[in-house]
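Notes for the one structure printed next.
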Amino acid sequence: MRRPLIAGNWKLNGRRADVEERLKALRAGFREEWVEAVDMLVCPPAVFLPSCESSLKGSPIAWGSQSHAAEASGAYTGEVSASMIADFGASYAIVGHSERRALFAETDAIVAQKVNRAVAAGLTPIVCVGETLDQREAGEAETVICSQLLAALSDESGFLEAPFVVAYEPVWAIGTGKVASVADVESVLAAIRRVLKEGSESLSERTLLLYGGSVKPSNTAELCALPDLDGALVGGASLKPADFLEIMNQCFKSLSSST
Ligand code: PEP
């Protein structure tokens, strides 16, 4: 049985004081009834991982990174490695976000390397896949997504045994207020599961599938009702504690009503 996950990607936002305030609000607002049902994750800019460790240690809220180096160590000025991130108690690593792919030239090969680094450091990778609007309009969405996923799975380090998360994030839905239709999300999730099953039955059973792209409290219930969806990767709305907590609540309620 997979436990749903609501993950927040804080991107390049906030200063130390705001971040610590937000962490405090999330910890205070996390409801006891969610503990056994839904996991919460926050992914701040890497410099705030120590704040996560001191504010969230001992709470049910996990923390993770938005990006890490493809290399383990060495002369890579400005980079932060997966093991450094793990040193601060992080347990997840977002990999291959479309902003990294588009703005920082992160290729499928780099994504695969980063997945391996994350796993080797004991972090659970959250691999982002998704099509652009042009690709969707050309009927190429599922081909693009499956090929991104296959590339991320082309590992050498045996991560097929490790915990794994895939986030389906249509590029045109990120930060735009546009959400993919439930039918489109459903059909992409089915395609992702097929690819995972080809890897192995156990990989498919254990991998969480998230949706990301303009998730907010008002559209969470409909998305979380999808049987194959295991949660959400939330950008903008995760910066507002009240909205992020309400997304958790909607996900929890939709689980409770389906059991
Ligand atoms: C994201 O950047 O991963 C994301 C889903 O952003 P937003 O929720 O703001 O669309």
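Both ligands and their constituent atoms are indexed starting at 1 by order of listing. Source: prediction; values computed, not measured.
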Would you mind telling me if ligand 1 is within reach of the side chain of Asn9, the backbone, both or neither, using heavy atoms under 4.0 Å? side chain

Does ligand 1 have a heavy atom under 4.0 Å from the side chain of Cys128, from its backbone, from both, or from neither?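 Within the 4.0 Å criterion, Cys128 makes no contact with ligand 1.
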
Decide, yes or no, whether a salt bridge links [X] with [Y] under the criterion of side-chain N to carboxylate O below 4.0 Å.
| X | Y | answer |
| --- | --- | --- |
| Glu205 | Arg2 | no |
| Lys216 | Asp243 | no |
| Asp108 | Arg101 | yes |

Number the atoms of ligand 1 from 1 as they appear, then name those within less than 4.0 Å of a heavy atom of [X], with their elements.
| X | answer |
| --- | --- |
| Ala173 | 10 (O) |
| Gly236 | 7 (P), 8 (O), 9 (O) |
| Gly175 | 7 (P), 9 (O), 10 (O) |
| Lys11 | 1 (C), 2 (O), 6 (O) |
| Gly213 | 5 (C), 10 (O) |

So which heavy atom on Gly64 is nearest to which on Pro44, and how close?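 Taking every non-hydrogen atom into account, O-CD, 3.3 Å.
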
If every non-hydrogen atom of Ala141 is compared with every non-hydrogen atom of Arg136, which pair is closest and at what distance?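 Shortest heavy-atom contact: CB-NH2, 3.6 Å.
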
For ligand 1, is there an N or O atom under 3.5 Å from any N or O atom of Ser214?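 Checking ligand 1 against Ser214, an N or O pair does fall under 3.5 Å apart.
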
What do you reckon, does Ala237 have a nitrogen or oxygen under 3.5 Å from a nitrogen or oxygen of ligand 1? no

With sequence neighbours left out, what residues match Tyr92 under side chain to side chain donor-acceptor pair (under 3.5 Å)?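 Testing Tyr92 for side chain to side chain donor-acceptor pair (under 3.5 Å), a comparison that skips the adjacent residues, returns none.
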
Nearest protein heavy-atom contact for [atom]: which residue, which atom, what distance?
| atom | value |
| --- | --- |
| atom 3 (O) of ligand 1 | Glu169 OE2, 2.8 Å |
| atom 6 (O) of ligand 1 | Gly235 CA, 3.4 Å |
| atom 1 (C) of ligand 1 | His97 NE2, 3.2 Å |

If we ignore angles and hydrogens, is there a donor and acceptor under 3.5 Å between the side chains of Glu20 and Ser55?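 Checked: Glu20/Ser55 side chains show no N/O donor-acceptor pair below 3.5 Å.
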
For Arg16, is the CZ atom crowded, meaning more than 12 foreign heavy atoms sit under 6.0 Å from it?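 No, the 6.0 Å shell around CZ holds no more than 12 heavy atoms from other groups.
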
